[in-house]
Undergrad: 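Input: one structure, supplied below.
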Amino acid sequence: MSAWAKDQGVEGSMITFLADTRGEFTAALDLVMDHPGPMEVLGNKRSKRFAFYAEDGVIKHLAVSEGPDDPAGDSDPSASCVDAMLAAI
């Protein structure tokens, strides 16, 4: 995760990158993408495309990019992109 933060130019900032290698956090948030379409391509369950803003461990805003025919949010990821998140907080 630190290499990703470095690549994105946010290493050492207030932004924290987290890994969820076993999907426990994703499952607790009920954000598991188990739609058959993506699973046929990816093979395993993945997390939905999401972003959240938290203060002191409390999620203040959660945004999920998905649609009825787009469970991965590929067509319109804007809900979980930086501009939407900044507008929401």
Side-chain angles (χ1 to χ4, degrees):
M1 299 308 295
S2 61
W4 187 17
K6 183 177 181 179
D7 177 70
Q8 297 302 303
V10 296
E11 184 178 41
S13 74
M14 64 184 280
I15 297 172
T16 304
F17 285 62
L18 302 170
D20 184 22
T21 55
R22 295 187 299 193
E24 294 167 334
F25 184 71
T26 301
L29 291 175
D30 195 26
L31 292 173
V32 175
M33 182 175 54
D34 54 5
H35 186 279
M39 290 206 35
E40 286 178 16
V41 175
L42 301 171
N44 297 319
K45 293 179 182 177
R46 304 290 173 110
S47 89
K48 295 180 180 181
R49 186 184 309 253
F50 73 94
F52 68 83
Y53 171 73
E55 289 181 15
D56 297 324
V58 177
I59 295 175
K60 301 290 186 173
H61 180 74
L62 173 68
V64 182
S65 293
E66 67 179 335
D69 296 323
D70 185 19
D74 291 336
S75 297
D76 183 14
S78 62
S80 59
C81 289
V82 66
D83 291 335
M85 292 301 293
L86 289 174
I89 59 170

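Basis for what follows: all heavy atoms, side chains included, without hydrogens, waters or symmetry-related copies.
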Undergrad: Starting from the C-alpha separation in whole Å, work towards a yes-or-no answer on side chain to side chain contact (heavy atoms under 4.5 Å, CB included) for Leu18 and Asp20.
TA: CA-CA 7 Å; Leu18 302 170; Asp20 184 22; over 6 Å; no

Undergrad: For Phe52, check side-chain contact (heavy atoms from CB on, under 4.5 Å) against everything at least two apart and list the hits.
TA: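 side-chain contact (heavy atoms from CB on, under 4.5 Å) list for Phe52, sorted by chain: Phe25, Phe50, Ala54, Ile59, Leu62.
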
Undergrad: Minimum heavy-atom separation for Val64 and Leu31, please, with both atom names.
TA: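 Looks like CG2-CD2, 3.6 Å.
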
Undergrad: Identify every side-chain donor-acceptor pair in residues 8-15 under 3.5 Å, counting partners at least two apart or on other chains, and give the distances.
TA:
unit_1, atom_1, unit_2, atom_2, d
Ser13, OG, Val10, O, 2.7
Ser13, OG, Ile15, N, 3.1

Undergrad: With sequence neighbours left out, what residues match Ala79 under side-chain contact (heavy atoms from CB on, under 4.5 Å)?
TA: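 Once residues adjacent in sequence are excluded, the partners of Ala79 under the side-chain contact (heavy atoms from CB on, under 4.5 Å) criterion are Ser65.
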
Undergrad: Can you list the residues that meet the side-chain contact (heavy atoms from CB on, under 4.5 Å) rule with Met1, with sequence neighbours excluded?
TA: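 With sequence neighbours excluded, Met1 shows a side-chain contact (heavy atoms from CB on, under 4.5 Å) to Trp4, Phe17, Ala19, given in chain and number order.
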
Undergrad: How would you list, by chain and number, every residue that makes a side chain to side chain donor-acceptor pair (under 3.5 Å) with Ser47, sequence neighbours excluded?
TA: none

Undergrad: Rounded to the nearest 0.5 Å, what's the gap from OG on Ser2 to CG on Asp7? Could you check?
TA: 11.5 Å

Undergrad: Does Met33 reach the side chain of Lys45, with side-chain heavy atoms less than 4.5 Å apart?
TA: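 No - every pair of side-chain heavy atoms lies 4.5 Å or more apart.
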
Undergrad: Rounded to the nearest 0.5 Å, how far does CZ of Arg46 lie from CG of Asp34?
TA: 13.0 Å

Undergrad: Output all residues satisfying salt bridge (Lys or Arg N to Asp or Glu O under 4.0 Å) with Glu55, sequence neighbours left out; order by chain, then residue number.
TA: none

Undergrad: Closest heavy-atom contact between Ser80 and Ala51?
TA: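 Smallest heavy-atom distance, with atoms named: O-CB, 3.5 Å.
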
Undergrad: Under the salt bridge (Lys or Arg N to Asp or Glu O under 4.0 Å) rule, what pairs show up with a residue in residues 68-89, not counting sequence neighbours?
TA: Arg49-Asp74

